Amino acid sequence: MARYNPKDIEPKWRQAWTDADAFRAVADRSKPKYYVLEMFPYPSGRLHMGHVRNYAMGDVIARFKRAKGFAVLHPMGWDAFGLPAENAAMERGVDPKAWTYENIDRMRSELKELGLSIDWSREFATCDVDYYGKQQAWFLDLFERGLVYRKESVVNWDPVDQTVLANEQVVDGRGWRSGAVVEKRKLNQWSMRITDYADQLTDDLKALDRWPEKVRVMQENWIGRSKGLKFRFHFAHARAGEEMESARAGGAAPDGFADGLEVYTTRPDTLYGASFVGIAADHPLAAAVAARDPAAAAFIDECRKGAATEAEIETAEKKGYDTGLRVKHPFDPAWELPVWIANFILMDYGTGAIFACPAHDQRDLDFCRKYDLPVRPVVLPPGEDAAAFRVGDEAYVGPGTLYNSDGLDGLDIEAAKAEAIRRIEAQGDGEGATVFRLRDWGVSRQRAWGCPIPVVHCPTDGVVPLPKSALPVAHPADIEFSKAGNALERHPTWKHTTCPKCGGPAVRETDTLDTFVDSSWYFARFANPHAAEPIDKSEADYWLPVDQYIGGIEHAVLHLLYARFVTKALADDGQLSVREPFAGLFTQGMVTHETYRRQTGEWVEPKDVEIVAEGNTRRAALAGSGEPVVIGDIEKMSKSKKNTVAPEEIFEVYGVDAARLFVLSDSPAERDVQWTSGGVQGAWRFVTRVWDEFDSQPADVAAAEPDAELRRATHKLIRQVTEAIDGFRFNSGIARLYEFLNLLKANPAKGASPAVLAARQEALSAFARLIAPFTPHLAEECWARIGGEGMVVAAPWPTFDAALTEDSTKVLPVQVNGKRRGEITAPAGAEPAEVEAILKADADIAAKLEGLTIRKIIVVKDRIVNIVAA
RNA sequence: GCCGCCGUAGCUCAGUGGUAGAGCGCAUCCUUGGUAAGGCUGAGGUCGGCAGUUCAAUCCUGCCCGGCGGCACCA
């Protein structure tokens, strides 16, 4: 018996696949197509276990679909722009471009070692001039369509990375990459009008039925569509005894607010419960008030200081300032409401102004209790008595019937909303409106290592987009990265050019595009990465949408939302036919590992730790010294906690197949998997045992009627594994393979009857093909060993005979009053009467029923029998 | 606070309205010419708690407890 040696066998088959060009994607219109894509990696230079799991999953799907007869596209590329290259440049004085391409080379060879069934002829990096030049082309198209604009706005500024961040990239008040507390700055920024698509982006989520519910919910929350009413309050008079600008002007309204104060509400039904009108501290009206009221100005200053982080905002006490201004209630001109500046109102949501109904909104209630403003309930909960119902410290937000509300009385909430909107619209004071939490996508980044924005600034013509003939706008070769900030801006000559409109001197835009722009369309470029146009529409029409996209949940909002937006925008521009990029999405779990620390608190790498089992507990010590080590929590593998395991070291010891098998086998694909050395050893033992089983099969098996039982088990296995892969239940498919291997071992080739040998031959032929998606190298070696035709990569997926997956007889447990008391054997599909006959003939069961009267016999076909007796 | 996921063997996790499973770990034994290995056998579980539906609940429903994730002064 030759021992299985992955070090020789695995490279041999990888070479054979390359020689056969086995994974080239061909748009064969006679076949159904399947596009499987894993989120492309950032070329950090090093493969980690998370990559192994991610790409192994995609590879399982790709190999499976190929065997099932699909034309498969399974490409790979590099998300190659971004800060790490600039940081490396600053720290080590290397050229970001050279650094990035070296990393790509290293990672490519590591990825190839994984044996992935990728069409490498389609590979590109987003930092390739060809790629980002095409990106500049469609950027100009969207500019022309008005989907790209530039304006001065308050932005999130990351003081460490020295760049602007999109709202999506600010997490708990900190930069998503640097972790630095984000500052607010006013800058001229390029933005994309993702808000134009807010409705579609919400509505189309419903059709994404192969996306995880969780991701759809997260996107829906992020876009945050709400329906309500926008309307204007008209000003009444100023507070008595004070000199108001508005009063001096002879009217009730301050300058600039002659049309009134516009507010947004989702609860127009509660208008009769209004207590005050509130505006944000940043509201223009607040500024107008502050201009002549130092106390107001002081209050506004205080508000600005307070709100630094989300956590502080959340716990901040509600504070307000009565401006003295009064507005008229829209349904009762005699009813006046005070206008307050309040610290809990956000300027960038809705109109930055609200009307407060304390009885039915907790924030408003807290505010009114503090400042002793009236609380008037207008929604009566079901079953409550109108005379007795009071609101204490808890606002009532449930369903009910309107009261205290004049013409709205008696209506339910939805009817009252509709009626209030109708009345406001009839008065000409406002209209029903949809408001989104989503903001436009700020895409300017003050960094050099990104896609240059293809416009110039001309003193005569202003902002001028370049003609497409001037593309690509490439980086200069000699960028100086010794200092922080934008190296493109600093470059002595690059930005100086001529205006395409007037021919005079002009300056290039030195901002580059957010790297999320790069990843918002790469899947479409894979359809034909060599096309002259950004997207080869004919090829894209064949391959798109991506049938199965696989990646981490961390991109649930950012990348996936941007990609959906760009797809829709390019579709509207006629460059794409699909309106959604990813028909199926799978978010895989992370690879985790135990953490280890010395008594001193220092993290220790797993390879330096020895684990000793003592009964059912485990103890850890430093390898070598024996110094005790504390076993900590199981966490995502990370350099900072030193709980990583290097894939190449695992490949070296156990081979690629064992590593692939383990990360797929030990937990469901969407959940985290805990890496353990015992686990990968188990996978390795499976690999060797599989090989032993194939190796023990004689080369010449005589034709014979195969053993029926083993044959049934084989067909059952084919069915189970096929269904498991289809359902992304790789772990349970692998569990079935483990069980089946045990069955094969129970029917060894040595001394087997011709019938068993023949059945084994059929079983092994299927088995080699069933393991191919998981352990492709082992599968090829096994396939060759039993004389399979060609390579497994070209072999069709095994099929099963449904009749053979069912047993001919069934063992039915017999329950008496729900407790198991015995079992009987009946033919498959036996009718209740037949089963009852068998039951009555059974002496054992009869004994159990001694002295009892049978009330009822329940027969569940092929499953169980329950006798109800007393 | 709202939404979602999870709770099954010592550990990590499958699974099913009807006989409780796998890998690892543990124990016993075999092998000592696969040997920094291989194999046999076995122990171990009120399926988080309570109630309901049902002939029958680990599975369905409700409530509760515990853990994780997302969102959150969004009017």
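Heavy atoms only: backbone and side chains are in, while hydrogens, waters and symmetry mates are out. As the structure is a prediction and not an experimental result, all values here were calculated from the model.
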*Determine the contact category for A/Arg736: base if any of its heavy atoms lies under 4.0 Å from a base atom, sugar-phosphate if only primed atoms, P, OP1 or OP2 are that close, otherwise nothing.*
nothing
*If the P atom of B/U58 is compared with that of B/G49, how far apart are they to the nearest Å?*
10 Å
*asked:* Return whichever of A/Asn221 or A/Arg267 has its heavy-atom-nearest nucleotide of RNA chain B closer to the 5' end.
replied: A/Asn221
_Residue closer to the 5' end of RNA chain B, A/Arg729 versus A/Ile354 (nearest nucleotide)_ = A/Arg729
*Aromatic ring centroids of A/Phe662 and A/Trp675 under 6.0 Å?*
yes
*Would a line drawn from the ring center of A/Phe276 to the ring center of A/Phe367 be shorter than 6.0 Å?*
yes
*Grab the CZ-C1' distance between A/Arg685 and B/G38 for me, whole Å please.*
10 Å
_If I take atom CZ in residue A/Phe740 and atom C1' in nucleotide B/G23, what distance separates them, rounded to the nearest angstrom?_
19 Å
*Calculate the interatomic distance between A/Asn731 atom CG and B/G15 atom C1'; express it in whole Å.*
11 Å
*According to the Watson-Crick and G-U wobble definitions, with both distances under 3.5 Å, which nucleotide is paired to B/A22?*
B/U12
_What's the closest nucleotide to the side chain of A/Lys214 if the choices are B/A75, B/G4, B/G39?_
B/G4
_Partner lookup for B/C71, please. Criteria are Watson-Crick or G-U wobble with both distances under 3.5 angstrom; report none if nothing qualifies._
B/G1
*Please name the pair of heavy atoms, one in A/Ala286 and one in A/Ala281, separated by the smallest distance, quoted to 0.1 Å.*
CB-O, 3.6 Å
*What integer distance in Å separates A/Tyr4:OH from B/G38:P?*
16 Å
*Any side-chain heavy-atom pair from A/Ile223 and A/Leu561 closer than 4.5 angstrom?*
yes
*Using the C1' atom as the reference point in each nucleotide, state the distance between B/G42 and B/C5 in Å, no decimals.*
37 Å
*Taking the side chain from A/His329 and the backbone from A/Leu271, do they hold a donor-acceptor pair closer than 3.5 Å?*
yes
*N/O donor-acceptor pair, side chain A/Asp692 with base B/G38, under 3.5 angstrom*: no
_Within the 4.0 Å heavy-atom criterion, would you say A/Ile345 contacts the bases, only the backbone, or no part of the nucleic acid?_
base
*asked:* When the P atoms of B/U41 and B/U46 are compared, how many Å lie between them, rounded to an integer?
replied: 26 Å
_Length of the NZ-C1' vector between A/Lys417 and B/A75, whole Å_ = 12 Å
*Please confirm whether any donor atom in the side chain of A/Lys318 sits under 3.5 Å from an acceptor in the base of B/C73, or the reverse.*
yes
*Measure the distance from CZ on A/Phe662 to P on B/C11 and round it to the nearest whole Å.*
17 Å
*When rounded to the nearest Å, what value does the distance between P atoms of B/U8 and B/G67 take?*
14 Å
*asked:* Nearest to the side chain of A/Thr265, heavy atoms from C-beta on, is which of B/A75, B/C73, B/C3?
replied: B/A75
*asked:* Work out how far the C1' atom of B/U53 is from that of B/G62, and round it to whole angstrom.
replied: 11 Å
*Expressed as a whole number of Å, how far does the C1' atom of B/G10 sit from that of B/A27?*
13 Å
*asked:* For the P atoms, the ones on B/U31 and on B/G39, what distance do you get once it is rounded to whole angstrom?
replied: 16 Å
_Return the pairing partner of B/G62 with a 3.5 Å limit on both distances, Watson-Crick or G-U wobble; otherwise return none._
B/C50
*asked:* How many whole angstroms separate atom CH2 of A/Trp684 from atom P of B/A37?
replied: 12 Å
_Ionic contact status for A/Arg729 with A/Glu723, cut-off 4.0 Å_ = no
*Just name whichever nucleotide pairs with B/A36, Watson-Crick or G-U, keeping both distances under 3.5 Å, else none.*
none
*Respond yes when some side-chain nitrogen or oxygen of A/Tyr349 is under 4.0 Å from OP1 or OP2 of B/A75, and no when none is.*
yes
*Please report, rounded to the nearest Å, how far the P atom of B/C13 is from the CH2 atom of A/Trp675.*
16 Å
*If you measure from the C1' atom in B/G1 to the same atom in B/U19, how many Å do you get, rounded?*
46 Å
*Is A/Arg689 near enough to B/G38 that one of its side-chain N or O atoms lies under 4.0 angstrom from OP1 or OP2?*
no
*What is the nucleic acid contact for A/Thr676, judged by heavy atoms within less than 4.0 Å: base, sugar-phosphate only, or nothing?*
nothing
*Decide whether A/Tyr738 and A/Ser665 meet the rule of one side-chain donor and one side-chain acceptor closer than 3.5 Å.*
no
*Report the base-pairing partner of B/A27 (Watson-Crick or G-U wobble, both distances below 3.5 angstrom), or none.*
B/U41
